[in-house]
Undergrad: 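Okay, handing you the structure first.
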Amino acid sequence: MRVSALVLLALAAPAMAFQPSDVPLPEQVPGRVMGFTGTGQATARATATWQDFLAGEGRGWTARFDEVTQAPLRAYGPPIALGRVRSAPEAEAAVMQFLSRNPGLVGVDTKSLQVLSANHNPVNDAWYVDVQQMVDRVPVQDARATFRVRNDTLVQFGSTIAPAPLTAGVPTLSPQDAVDIAIFDGSAPDAEHEVQQTELVYLPVVLDGGLTSRLAWRVRSET
């Protein structure tokens, strides 16, 4: 069995371990619960960034937004020409150039983004490019954007990026401390664990209606 856990490094509070999921994927770690309202969606649509996009390359596009970050969770519309896309490097470059032309469209500028992967799906002849938000070379948990490219055009994208200021910090626990907490306070404390990965991450947290962050260790193991 694979388990995954986050151990918070709160500077002013004791460290806590989350109960891990049976599925070892980052998006399976407990995250934010999102709600959608008419007022919240209208407010997000009215932002200068989205309106500038609609006035330019995004004419005719629509989106559903994260009402806390106001980033588009899923956006789509008439195809946007990206130039030649026949390989992973070309797909990566095309997406990053698109983001450079539309700064802040997914919540942050390109300086805070790192390409994770560019994969081709032969079934629908589409490229899928994933980018990850980074802060001081540390990834932000679940803060990604995905772009779907077909026939040299962008047809859809979505973002779970956290554009709010992320509090820089210094780990208050060692990696081994985090492993011990994750195992002994996790779902299988009596099992023998083989640790697969221990990684420092920023965890976005909603506080008083806004977004802040906590430094955390992400621990993955197999039993």
Side-chain angles (χ1 to χ4, degrees), residues 2 4 21 23-29 31 44 47-66 69-163 166 196-204 218 220 222:
R2 294 181 180 180
S4 177
S21 164
V23 182
L25 297 174
E27 57 267 28
Q28 296 300 318
V29 176
T47 60
T49 299
W50 183 252
Q51 288 301 311
D52 288 346
F53 175 62
L54 294 182
E57 292 184 278
R59 187 177 301 275
W61 276 57
T62 187
R64 169 170 282 193
F65 297 87
D66 180 331
T69 68
Q70 297 190 333
L73 286 171
R74 182 172 180 268
Y76 54 92
I80 297 174
L82 297 180
R84 175 187 170 91
V85 178
R86 297 291 186 276
S87 65
E90 288 180 344
E92 294 175 10
V95 165
M96 295 307 288
Q97 290 168 7
F98 167 76
L99 290 173
S100 295
R101 296 194 302 269
N102 298 276
L105 184 59
V106 295
V108 295
D109 60 28
T110 55
K111 294 179 181 179
S112 300
L113 297 174
Q114 176 178 305
V115 176
L116 283 181
S117 63
N119 297 302
H120 183 254
N121 185 340
V123 175
N124 57 5
D125 192 22
W127 286 93
Y128 293 87
V129 180
D130 288 340
V131 298
Q132 167 74 56
Q133 182 185 4
M134 307 290 288
V135 176
D136 296 329
R137 300 182 181 180
V138 176
V140 181
Q141 178 74 17
D142 295 339
R144 298 182 179 184
T146 298
F147 301 82
R148 181 177 176 181
V149 179
R150 291 191 66 188
N151 300 323
D152 302 334
T153 65
L154 178 68
V155 296
Q156 183 177 309
F157 70 89
S159 172
T160 57
I161 283 172
L166 294 167
Q196 304 294 314
Q197 182 187 45
T198 303
E199 180 183 23
L200 198 62
V201 299
Y202 282 100
L203 177 67
R218 181 167 58 200
R220 289 175 174 157
E222 286 190 351

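Position 1 is the first residue of the sequence, and the numbers go up from there. From a predicted model like this one, the values you see are computed outputs, not experimental measurements.
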Undergrad: Does Ser112 have any side chain to side chain contact (heavy atoms under 4.5 Å, CB included) partners at least two apart in sequence or in another chain, and if so, which?
TA: Val108, Asp109
Undergrad: Any heavy-atom pair between the side chains of Tyr76 and Leu154 that's under 4.5 Å?
TA: no
Undergrad: Mind checking whether Pro72 and Arg64 have side chains closer than 4.5 Å, heavy atoms only?
TA: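 Counting from C-beta outward, Pro72 and Arg64 never come under 4.5 Å.
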Undergrad: I'd like to check Val106 versus Leu99 (side-chain heavy atoms, cut-off strictly below 4.5 Å). Are they in contact?
TA: yes
Undergrad: Is any side-chain heavy atom of Val131 closer than 4.5 Å to one of Thr146?
TA: no
Undergrad: For the atom pair CZ (Arg137) and CD (Gln114), what is the distance rounded to the nearest 0.5 Å?
TA: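 Spacing of CZ (Arg137) from CD (Gln114) equals 10.0 Å.
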Undergrad: Any sub-3.5 Å donor-acceptor pair from Asn124's side-chain atoms to Ala126's backbone N or O?
TA: yes
Undergrad: From Leu116 CG over to Glu92 CD, what is the distance, rounded to the nearest 0.5 angstrom?
TA: 9.5 Å
Undergrad: Between Leu82 and Phe98, what is the shortest heavy-atom contact and its length?
TA: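 Shortest heavy-atom contact: CD2-CB, 4.0 Å.
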Undergrad: Partners of Phe147 by ring pair (Phe, Tyr, Trp, His ring centres under 6.0 Å), sequence neighbours excluded?
TA: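 Result, ring pair (Phe, Tyr, Trp, His ring centres under 6.0 Å) vs Phe147: Phe157.
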Undergrad: Can you list the residues that meet the salt bridge (Lys or Arg N to Asp or Glu O under 4.0 Å) rule with Glu57, with sequence neighbours excluded?
TA: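 So Glu57 forms a salt bridge (Lys or Arg N to Asp or Glu O under 4.0 Å) with Arg101.
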Undergrad: Measure the spacing between CZ of Arg148 and CG of Asn121 and express it to the nearest 0.5 Å.
TA: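 Arg148 CZ to Asn121 CG: 8.5 Å, rounded to 0.5 Å.
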Undergrad: Can you tell if the side chain of Ile80 reaches within under 4.5 Å of the side chain of Thr153, non-hydrogen atoms only?
TA: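 The answer is no, as the side chains (C-beta and beyond) never meet within the 4.5 Å cut-off.
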Undergrad: Looking at every heavy atom in both Ile161 and Ala71, which two are closest together, and how far apart are they?
TA: O-CB, 4.4 Å
Undergrad: What is the minimum heavy-atom distance between Val129 and Ala118, and which atoms define it?
TA: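 What the structure gives for the nearest pair is CG2-CB, 4.0 Å.
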Undergrad: How close do Asp152 and Gly83 get, heavy atom to heavy atom, and via which atoms?
TA: CB-O, 3.2 Å
Undergrad: Which heavy atom in Pro204 sits nearest to a heavy atom in Gln141, and how many Å separate them?
TA: CD-O, 3.6 Å
Undergrad: Does the pair Arg74 and Gln156 meet the rule for a side chain to side chain contact (heavy atoms under 4.5 Å, CB included), with working shown?
TA: CA-CA 7 Å; Arg74 182 172 180 268; Gln156 183 177 309; 3.7 Å; yes
Undergrad: Would the distance check show the side chain of Gln132 and the main-chain N or O of Val140 forming a donor-acceptor pair, the cut-off being under 3.5 Å?
TA: yes
Undergrad: Atom CG of Asp125 and atom CZ of Arg150: how far apart are they, to the nearest 0.5 Å?
TA: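 One gets 6.5 Å once the value is rounded to the nearest 0.5 Å.
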Undergrad: Taking atom CH2 of Trp127 and atom OG of Ser117, what is their separation to the nearest 0.5 Å?
TA: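 Reported value, rounded in 0.5 Å steps: 10.5 Å.
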Undergrad: Any sub-3.5 Å donor-acceptor pair from Trp61's side-chain atoms to Pro78's backbone N or O?
TA: yes
Undergrad: With a 3.5 Å distance limit and no angle check, can you tell me whether Asn102 reaches the backbone of Leu105 through a side-chain donor-acceptor pair?
TA: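 Flag not set: sc Asn102 to bb Leu105 has no pair under 3.5 Å.
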Undergrad: Side-chain contact test, heavy atoms from C-beta onward, threshold under 4.5 Å: evaluate it for Gln70 versus Phe65 and give yes or no.
TA: no
Undergrad: For the CG atom of Asp142 and the CG atom of Leu203, what is their distance to the nearest 0.5 Å?
TA: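 Separation between the atoms: 8.0 Å.
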Undergrad: If only atom types and distance count, is the side chain of Glu90 paired as donor or acceptor with the main-chain N or O of Arg86 below 3.5 Å?
TA: yes
